[in-house]
Amino acid sequence: MIRRDWKALREKFVQGRMTLRELAEAEKMSYGTLCNRASEEKWLDEREAFREAVTQKARQKAINRRGRREAEALAALEETNEQLLDEIRKALEDEDQLYRHLVSLGKDGAEEQTLHMLNTVNLRNLVESLSTIQTMIAAHGNILDKRTVEELKLKKQRLKLDKQKSGLEEKNDGETGVAYIAPVEETGEGESLTLPEV
């Protein structure tokens, strides 16, 4: 009688891709004997669990790799944004920064002068730069700042109030709130007007 290394056979099946019939043929053994043993020890369940574990491990590795890449990209973006913020800070430390204007000198071109009035173009550019930096960080890191969160809450509340005012309930999200009014048919002189059924 041939002694079988059932543990090795089970591992070969659980961790491999062969069917029980293919394994029986490869090992030159009875398919029925192998099936009985596999059934008793629940080899198919073990194979399924093994494959799920391998898949989960592969997913986790992919998530970790992506997480590292995202973290590196976010760190680089934050570093760049910090440099931009430093430049904006330097500009704001210059007392005359927002009061400098380009003054036209006619044919001779333009000259930069400091006037006692705010240069709204410079101010707007600084504000837009800050807003762009904030948006870039939020979009990349999927982070919402407090103001954006509050704006989203207000928009949601406004939408809910609009639905209540228009008579739409939460369950009727598909409705537009537009009513169809059928055309009025004239029936003749002296007779009343009737509306067709919709």
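In this chain, residues are counted from 1 in sequence order. No hydrogens, no waters, no symmetry mates; every other heavy atom, side chains included, goes into these values.
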Contact check, side chains of L34 and E27, non-hydrogen atoms, under 4.5 Å
no

Using the side chain to side chain donor-acceptor pair (under 3.5 Å) rule, pick out the option among Q60, K61, R66 that qualifies with N64.
Q60

L23 and W43: which non-hydrogen atoms are nearest, and at how many Å?
CD2-CZ3, 4.2 Å

Contacts of type side chain to side chain donor-acceptor pair (under 3.5 Å), residue R10, not counting sequence neighbours
E41

Closest heavy-atom pair and its distance - F13, L44
CZ-CD2, 3.6 Å

With a 4.5 Å cut-off on side-chain heavy atoms, are N36 and Y31 touching?
no

Atom of A26, atom of M18 and distance for their closest heavy-atom approach:
CB-SD, 4.4 Å

How many angstroms lie between atom CH2 of W6 and atom OG1 of T33, to the nearest 0.5 angstrom?
6.5 Å

What is the distance from atom CZ of R37 to atom CE of M29, rounded to the nearest 0.5 Å?
9.0 Å

Verdict with reasoning, D5 to K7, per side chain to side chain contact (heavy atoms under 4.5 Å, CB included):
CA-CA 6 Å; D5 185 350; K7 185 178 178 185; 3.8 Å; yes

Between R51 and E46, is there a side-chain N and carboxylate O pair less than 4.0 Å apart?
no

With a 4.0 Å cut-off on N to O distance, would you call E22 and R17 a salt bridge?
no

